[in-house]
Amino acid sequence: MSSSAPQPSTVAEPAADPAARRTGGRGSLVLALASGVLGAAVVLLASSKTWQEGSAPFADGGMPVRVSGHQVTGVPGALALVGLAALVAVFAVRGAARLLVGGLLALCGAGALAAALLAFGDTAALDAAAATASGLSRTTVTGSSTSAWPGVSAAGGVLLLLAGIVALLRARTWPGMSNRYDRDTPKAAPPPARTAAAPGAEERPEDLWKALDRGEDPTESP
């Protein structure tokens, strides 16, 4: 007695759930927005704080000098503003343009991070401030120190970089600003056709005025 061979299963694999895709898109959108806005805010805040301080020789003593992040380098603050503009532009464009804007956002984060790290050990701005304070062009600062704010600015650059990477990977699943304008505009309903008067019925004056309001010629025979 022969036994029948097992038949291959014909059950199709379930397709990806659209609701799950939408949920993943919303999650990446929230992550990119939070990272981008927070990163830009951190960079701008850190750039306004004191990054370096030291002492400039003056008479028989020293004069304290300090420089902010904007004086050390204006690159992180400028890239933070460009990154914010790129983050908004991601929602105004579609397709390949989103990849370009996402790449720009990532580059802004990488540039802000690199500029903040390069500020460690660079006393050029501090020396310039010491020369201005002492009135001697060749004055160099002594006892210089760097605060933690360049590191904070670098952390903001990392957040901007993260937002750009998320945009590069997931921006195609995000909604756009113009979605609500893509629907077809409903056409206006045509004016109601003029109904012929019953045979032998006499048109009243108000009927003539109504016909004129509808743009019809009441003198024209139906």
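Fair warning: this is a prediction, and the values are worked out from it, not measured in the lab. Index from 1, following the sequence. Values below: every heavy atom of this structure, side chains too, minus hydrogens, waters and symmetry copies.
Side chain of Ser47 to backbone of Leu44: no donor-acceptor contact under 3.5 angstrom is found. With hydrogens and angles disregarded, no donor-acceptor distance shorter than 3.5 Å links the side chain of Ser35 to the backbone of Ala32. At distances below 3.5 Å, not a single donor-acceptor pair connects side-chain atoms of Ser68 with backbone N or O atoms of Thr50. A distance-only check finds a donor-acceptor pair linking the side chain of Ser147 to the backbone of Trp51 [under 3.5 Å]. A distance-only check finds no donor-acceptor pair linking the side chain of Gln52 to the backbone of Val65 [under 3.5 Å].
Defined by atom type and a distance below 3.5 Å, a donor-acceptor pair is present between the side-chain atoms of Trp174 and Ser28.
Of all heavy-atom pairs between Ala46 and Val152, the closest is CB-CG1, 4.2 Å. For the residue pair Gly157 and Val43, the shortest heavy atom distance occurs at N-CG2, 3.7 Å. Considering every non-hydrogen atom in both Ala116 and Pro76, the closest pair reads N-CG, 4.4 Å. Closest non-hydrogen pair, Ala86 versus Leu104, comes out as CB-CD2, 4.2 Å.
If you take CG on Leu161 and CG on Leu105, they are separated by 8.5 Å, rounding to the nearest 0.5 Å. How far NZ of Lys49 is from CZ of Arg66: 13.0 Å, rounded to the nearest 0.5 Å. Distance check, rounded to the nearest 0.5 Å: CG of Leu38 to CG of Leu33 gives 12.0 Å.
Between Leu113 and Leu117 there is a side-chain heavy-atom pair separated by less than 4.5 Å. Taking the side chain as every heavy atom from C-beta outward, Leu118 and Thr73 never approach each other to under 4.5 Å. In this structure the side chain of Ile165 reaches within 4.5 angstrom of the side chain of Leu169, judged on heavy atoms.
Under the 4.5 Å side-chain heavy-atom criterion for grouping Ile, Leu, Val, Met, Phe, Trp and Tyr, Val166 is not connected to Val82 through any hydrophobic cluster. Linking ILVMFWY residues whenever their side-chain heavy atoms come closer than 4.5 Å, directly or via other members, leaves Val75 and Leu84 in distinct clusters. Linking ILVMFWY side-chain heavy atoms closer than 4.5 Å, directly or via other members, places Leu79 and Leu162 in two distinct hydrophobic clusters. Leu160 and Leu31 end up in the same hydrophobic cluster when Ile, Leu, Val, Met, Phe, Trp and Tyr side chains are linked at under 4.5 Å.
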- prompt: Would Arg172 and Leu99 count as a side-chain contact (heavy atoms from CB on, under 4.5 Å) if you check the C-alpha gap in whole Å, the side-chain angles of each, and the deciding distance to 0.1 Å?
  reply: CA-CA 8 Å; Arg172 291 183 180 273; Leu99 297 179; 3.2 Å; yes

